[in-house]
Amino acid sequence: MCRHLAYVGPPVTLASLLIEPAHSLVHQSYAPADMRGGGTVNADGFGAGWYPEPDGPAARYRSARPMWSDTSFTAVAAATRSAGVLAAARSATVGMPVHDGAAAPFAEGRWLFSHNGVVRGWPRSVGGLAAALPVTDLLTLDAPTDSALLWALVRHRLRTGTDPGAALAGVAADVAASAPGSRLNLLLTDGTGIWATAWHHSLSVRTDQHSALVASEPLDPDPGWRPVPDRHLVTASPGTHRCIPLAGTPAPAAAPTIQGVR
Ligand code: GLN
(Lines give C-alpha, C1' and ligand atoms only; values in the text may rest on other atoms or scores of the structure.)
Protein backbone atom coordinates (compact mmCIF):
# COMPACT_ATOMS: atom_id res chain seq x y z
CA MET A 1 0.00 0.00 0.00
CA CYS A 2 1.23 3.42 -0.79
CA ARG A 3 2.62 5.89 1.71
CA HIS A 4 1.58 9.52 1.56
CA LEU A 5 1.95 12.82 3.42
CA ALA A 6 0.73 16.40 3.35
CA TYR A 7 2.20 19.51 4.96
CA VAL A 8 1.00 23.09 5.43
CA GLY A 9 2.98 25.77 7.26
CA PRO A 10 5.94 28.07 6.73
CA PRO A 11 7.76 27.46 3.43
CA VAL A 12 10.10 24.45 3.63
CA THR A 13 12.10 22.52 1.08
CA LEU A 14 10.54 19.37 -0.34
CA ALA A 15 13.69 17.58 0.82
CA SER A 16 13.02 18.53 4.46
CA LEU A 17 9.85 16.40 4.31
CA LEU A 18 10.56 13.81 1.66
CA ILE A 19 14.29 13.07 1.94
CA GLU A 20 15.92 14.31 5.17
CA PRO A 21 13.83 13.02 8.14
CA ALA A 22 14.84 9.69 9.70
CA HIS A 23 11.66 8.08 8.35
CA SER A 24 11.09 10.40 5.39
CA LEU A 25 8.84 9.47 2.48
CA VAL A 26 11.81 8.09 0.54
CA HIS A 27 12.72 5.93 3.56
CA GLN A 28 9.10 4.78 3.74
CA SER A 29 9.31 3.88 0.04
CA TYR A 30 11.89 1.13 0.67
CA ALA A 31 11.52 0.50 4.42
CA PRO A 32 7.89 1.16 5.42
CA ALA A 33 7.06 0.20 9.00
CA ASP A 34 3.28 -0.34 8.98
CA MET A 35 1.99 -1.81 5.69
CA ARG A 36 -0.63 -4.03 7.36
CA GLY A 37 -0.12 -6.83 4.89
CA GLY A 38 -0.59 -4.60 1.85
CA GLY A 39 2.72 -5.23 0.06
CA THR A 40 6.30 -4.81 1.22
CA VAL A 41 7.86 -1.83 -0.58
CA ASN A 42 6.52 1.19 -2.45
CA ALA A 43 8.46 0.85 -5.69
CA ASP A 44 5.87 1.64 -8.37
CA GLY A 45 6.41 5.36 -8.77
CA PHE A 46 6.00 8.44 -6.67
CA GLY A 47 4.90 12.04 -6.93
CA ALA A 48 5.06 15.38 -5.20
CA GLY A 49 2.85 18.46 -5.49
CA TRP A 50 3.60 21.95 -4.20
CA TYR A 51 2.74 25.65 -4.69
CA PRO A 52 5.27 27.80 -6.60
CA GLU A 53 3.21 30.96 -5.87
CA PRO A 54 1.36 31.68 -2.60
CA ASP A 55 -2.07 31.91 -4.28
CA GLY A 56 -1.38 30.03 -7.51
CA PRO A 57 -2.15 26.52 -8.68
CA ALA A 58 -0.19 23.48 -7.59
CA ALA A 59 2.78 22.18 -9.56
CA ARG A 60 3.55 18.46 -9.75
CA TYR A 61 6.33 16.02 -10.44
CA ARG A 62 5.33 12.38 -11.00
CA SER A 63 7.39 9.39 -12.04
CA ALA A 64 6.91 5.65 -12.49
CA ARG A 65 10.39 4.99 -11.05
CA PRO A 66 11.06 3.93 -7.48
CA MET A 67 11.45 7.09 -5.42
CA TRP A 68 14.85 6.01 -4.09
CA SER A 69 16.30 5.69 -7.59
CA ASP A 70 15.41 9.16 -8.87
CA THR A 71 18.50 11.15 -7.99
CA SER A 72 17.41 14.08 -10.17
CA PHE A 73 14.37 14.52 -7.95
CA THR A 74 16.56 14.49 -4.85
CA ALA A 75 18.44 17.50 -6.20
CA VAL A 76 15.28 19.34 -7.25
CA ALA A 77 13.64 18.63 -3.86
CA ALA A 78 16.53 20.31 -2.07
CA ALA A 79 16.04 23.46 -4.15
CA THR A 80 12.21 23.67 -4.12
CA ARG A 81 10.39 25.45 -1.28
CA SER A 82 6.68 25.62 -0.60
CA ALA A 83 4.18 26.39 2.15
CA GLY A 84 2.11 23.37 1.12
CA VAL A 85 3.17 19.91 -0.05
CA LEU A 86 1.44 16.61 -0.82
CA ALA A 87 3.52 13.61 -1.86
CA ALA A 88 3.12 9.85 -2.22
CA ALA A 89 5.17 6.73 -2.95
CA ARG A 90 3.17 4.02 -4.74
CA SER A 91 2.88 0.27 -4.43
CA ALA A 92 0.60 -0.66 -7.32
CA THR A 93 -2.31 -2.93 -6.55
CA VAL A 94 -1.99 -6.23 -8.45
CA GLY A 95 -3.39 -5.82 -11.96
CA MET A 96 -3.12 -2.04 -12.08
CA PRO A 97 -0.78 -0.32 -14.55
CA VAL A 98 2.49 1.36 -13.61
CA HIS A 99 3.09 4.70 -15.29
CA ASP A 100 3.56 8.24 -14.08
CA GLY A 101 -0.13 9.11 -14.51
CA ALA A 102 -1.07 6.42 -11.98
CA ALA A 103 1.09 8.01 -9.27
CA ALA A 104 -0.37 10.55 -6.85
CA PRO A 105 -0.82 13.41 -6.40
CA PHE A 106 -3.85 13.88 -8.60
CA ALA A 107 -4.48 17.59 -9.04
CA GLU A 108 -6.79 20.38 -10.14
CA GLY A 109 -6.07 24.04 -9.44
CA ARG A 110 -4.86 24.17 -5.83
CA TRP A 111 -6.28 20.74 -4.96
CA LEU A 112 -3.82 17.89 -4.48
CA PHE A 113 -5.11 14.36 -3.71
CA SER A 114 -3.76 10.91 -2.90
CA HIS A 115 -5.22 7.49 -2.05
CA ASN A 116 -3.54 4.82 0.03
CA GLY A 117 -5.43 1.56 -0.25
CA VAL A 118 -7.48 -0.54 -2.63
CA VAL A 119 -11.04 -0.70 -3.95
CA ARG A 120 -12.18 -4.30 -3.59
CA GLY A 121 -13.83 -5.86 -6.62
CA TRP A 122 -12.37 -3.21 -8.94
CA PRO A 123 -13.71 -2.20 -11.39
CA ARG A 124 -17.15 -3.81 -11.30
CA SER A 125 -17.91 -2.96 -7.68
CA VAL A 126 -17.78 0.79 -8.35
CA GLY A 127 -19.25 0.82 -11.86
CA GLY A 128 -22.44 2.40 -10.59
CA LEU A 129 -20.59 5.24 -8.85
CA ALA A 130 -18.47 5.85 -11.96
CA ALA A 131 -21.58 5.93 -14.15
CA ALA A 132 -22.87 8.93 -12.21
CA LEU A 133 -19.87 11.04 -13.29
CA PRO A 134 -19.81 13.15 -16.47
CA VAL A 135 -18.54 11.00 -19.35
CA THR A 136 -15.70 13.46 -20.01
CA ASP A 137 -14.43 12.90 -16.44
CA LEU A 138 -14.16 9.19 -17.20
CA LEU A 139 -12.52 9.77 -20.58
CA THR A 140 -9.86 11.95 -18.97
CA LEU A 141 -8.96 9.85 -15.93
CA ASP A 142 -5.23 10.06 -15.19
CA ALA A 143 -5.05 6.25 -15.28
CA PRO A 144 -7.42 3.23 -15.31
CA THR A 145 -6.90 2.71 -11.56
CA ASP A 146 -9.02 2.76 -8.44
CA SER A 147 -7.15 5.78 -7.07
CA ALA A 148 -7.74 7.85 -10.23
CA LEU A 149 -11.47 7.08 -10.08
CA LEU A 150 -11.58 8.02 -6.38
CA TRP A 151 -10.03 11.38 -7.30
CA ALA A 152 -12.65 11.90 -10.03
CA LEU A 153 -15.40 11.20 -7.47
CA VAL A 154 -13.89 13.59 -4.91
CA ARG A 155 -13.21 16.28 -7.53
CA HIS A 156 -16.81 16.09 -8.75
CA ARG A 157 -18.00 16.96 -5.24
CA LEU A 158 -15.41 19.71 -4.80
CA ARG A 159 -16.48 21.28 -8.10
CA THR A 160 -20.02 21.57 -6.80
CA GLY A 161 -18.80 23.36 -3.68
CA THR A 162 -18.98 20.48 -1.20
CA ASP A 163 -16.91 21.00 1.95
CA PRO A 164 -13.59 19.14 1.47
CA GLY A 165 -14.03 16.96 4.56
CA ALA A 166 -17.58 16.09 3.54
CA ALA A 167 -16.36 15.27 0.02
CA LEU A 168 -13.82 12.75 1.35
CA ALA A 169 -16.24 11.31 3.89
CA GLY A 170 -19.02 10.99 1.32
CA VAL A 171 -16.84 9.25 -1.25
CA ALA A 172 -15.37 6.90 1.37
CA ALA A 173 -18.85 5.98 2.58
CA ASP A 174 -20.21 5.42 -0.95
CA VAL A 175 -17.23 3.31 -2.02
CA ALA A 176 -17.22 1.28 1.20
CA ALA A 177 -20.92 0.53 0.66
CA SER A 178 -20.35 -0.56 -2.98
CA ALA A 179 -17.03 -2.32 -2.38
CA PRO A 180 -16.97 -3.70 1.18
CA GLY A 181 -13.54 -4.36 2.64
CA SER A 182 -11.91 -1.55 0.65
CA ARG A 183 -9.02 0.38 2.18
CA LEU A 184 -9.73 4.06 1.75
CA ASN A 185 -7.09 6.34 3.20
CA LEU A 186 -7.78 9.53 1.23
CA LEU A 187 -5.64 12.67 1.54
CA LEU A 188 -6.46 16.16 0.24
CA THR A 189 -4.95 19.63 0.57
CA ASP A 190 -5.49 23.08 -0.89
CA GLY A 191 -2.18 24.36 0.48
CA THR A 192 -3.70 25.88 3.60
CA GLY A 193 -5.61 22.96 5.16
CA ILE A 194 -5.37 19.17 5.12
CA TRP A 195 -8.25 16.68 5.10
CA ALA A 196 -7.69 12.92 5.31
CA THR A 197 -9.46 9.67 6.11
CA ALA A 198 -8.05 6.72 8.02
CA TRP A 199 -10.02 3.76 6.68
CA HIS A 200 -8.32 0.43 7.34
CA HIS A 201 -4.80 1.82 7.04
CA SER A 202 -2.22 3.66 9.14
CA LEU A 203 -2.31 7.46 9.48
CA SER A 204 -0.75 9.95 11.88
CA VAL A 205 -1.03 13.69 12.43
CA ARG A 206 1.26 16.27 14.00
CA THR A 207 0.38 19.90 14.48
CA ASP A 208 2.19 22.75 16.17
CA GLN A 209 1.51 26.45 16.36
CA HIS A 210 2.83 27.07 12.86
CA SER A 211 2.34 23.91 10.82
CA ALA A 212 0.37 20.71 10.26
CA LEU A 213 1.56 17.36 8.92
CA VAL A 214 -0.49 14.27 8.10
CA ALA A 215 1.40 11.13 7.06
CA SER A 216 0.92 7.38 6.66
CA GLU A 217 3.76 6.92 9.16
CA PRO A 218 5.45 9.47 11.49
CA LEU A 219 8.49 10.99 9.78
CA ASP A 220 10.56 11.17 12.95
CA PRO A 221 10.48 10.30 16.68
CA ASP A 222 8.85 13.66 17.61
CA PRO A 223 6.45 12.93 20.51
CA GLY A 224 3.89 15.27 18.92
CA TRP A 225 2.74 12.63 16.41
CA ARG A 226 -0.75 11.25 17.12
CA PRO A 227 -2.32 8.21 15.43
CA VAL A 228 -5.60 8.91 13.64
CA PRO A 229 -8.15 6.29 14.78
CA ASP A 230 -9.50 3.94 12.12
CA ARG A 231 -12.61 5.12 10.22
CA HIS A 232 -12.02 8.73 11.15
CA LEU A 233 -11.70 11.94 9.20
CA VAL A 234 -8.88 14.23 10.30
CA THR A 235 -8.89 17.93 9.47
CA ALA A 236 -5.64 19.77 10.15
CA SER A 237 -4.24 23.26 9.75
CA PRO A 238 -1.45 25.12 11.55
CA GLY A 239 -2.13 25.00 15.29
CA THR A 240 -5.03 22.58 15.26
CA HIS A 241 -6.38 19.23 14.19
CA ARG A 242 -9.59 17.36 14.80
CA CYS A 243 -10.56 13.70 14.33
CA ILE A 244 -14.20 12.97 13.51
CA PRO A 245 -15.74 9.45 13.38
CA LEU A 246 -17.01 8.36 9.98
CA ALA A 247 -20.12 6.38 9.08
CA GLY A 248 -20.38 2.88 10.43
CA THR A 249 -17.93 3.47 13.25
CA PRO A 250 -19.07 2.24 16.63
CA ALA A 251 -18.71 5.70 18.16
CA PRO A 252 -20.00 7.39 21.31
CA ALA A 253 -23.54 8.73 20.96
CA ALA A 254 -22.34 12.30 21.34
CA ALA A 255 -19.71 11.97 18.60
CA PRO A 256 -19.50 15.07 16.41
CA THR A 257 -20.68 14.75 12.83
CA ILE A 258 -20.12 16.88 9.77
CA GLN A 259 -22.33 17.82 6.90
CA GLY A 260 -22.47 15.11 4.28
CA VAL A 261 -21.13 12.27 6.40
CA ARG A 262 -23.25 9.18 5.97
N1 GLN B 1 -4.71 0.87 -5.44
C2 GLN B 1 -3.92 2.03 -5.69
C3 GLN B 1 -2.98 1.85 -6.87
O4 GLN B 1 -2.74 0.79 -7.33
C5 GLN B 1 -3.18 2.49 -4.46
C6 GLN B 1 -2.18 1.48 -4.06
C7 GLN B 1 -1.67 1.61 -2.68
O8 GLN B 1 -2.14 2.26 -1.77
N9 GLN B 1 -0.67 0.86 -2.51
O10 GLN B 1 -2.47 2.80 -7.34
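Atoms within a ligand are numbered from 1 in the order they appear, just like the ligands themselves. What you see is a predicted model; the values in this text were computed from it and never measured.
R157 has no carboxylate O lying under 4.0 Å from a charged side-chain N of D163, or vice versa, which leaves the two without a salt bridge. Between R60 and D100 there is no salt bridge, since no side-chain N of the basic residue sits under 4.0 Å from a carboxylate O of the acidic one. Ion pairing of D137 with R159 is present here, as a side-chain N (NZ or NE/NH1/NH2) and a carboxylate O approach within less than 4.0 Å.
The contact set between ligand 1 and T93, taken as ligand atoms under 4.0 Å from a residue heavy atom, comprises 1 (N), 2 (C), 3 (C), 4 (O), 6 (C). Numbered from 1 in the order shown, with element, the atoms of ligand 1 that lie under 4.0 Å from a heavy atom of N116 read 8 (O). Every atom of ligand 1 is numbered from 1 in the order shown, and the set under 4.0 Å from a heavy atom of A92 is 4 (O). The ligand atoms of ligand 1 that sit less than 4.0 angstrom from a heavy atom of M96 are 4 (O). Heavy-atom proximity to C2, at under 4.0 Å, picks out these atoms of ligand 1: 5 (C), 6 (C), 7 (C), 8 (O), 9 (N). Applying the 4.0 Å criterion to heavy atoms of S91 picks out, from ligand 1, the atoms 6 (C), 7 (C), 9 (N).
Judged by a 6.0 Å distance limit and a 45° cone about the ring axis, R110 is positioned over the six-membered ring of Y51.
Side-chain atoms of S24 come within 3.5 Å of backbone N or O of I19 as a donor-acceptor pair. Between the side chain of H200 and the backbone N or O of R231 there is no donor-acceptor pair closer than 3.5 Å.
Ring-plane geometry between W68 and Y30 is classed as perpendicular, the angle between the planes exceeding 60 degrees on a 0 to 90 degree scale with a lower cut at 30.
Ligand 1 has no nitrogen or oxygen under 3.5 angstrom from a nitrogen or oxygen of V118.
Heavy atoms of T145 come nearer than 4.0 angstrom to ligand 1 in no pair at all.
Contacts with ligand 1 closer than 4.0 Å are made by side-chain heavy atoms of R90 only, the backbone lying farther away.
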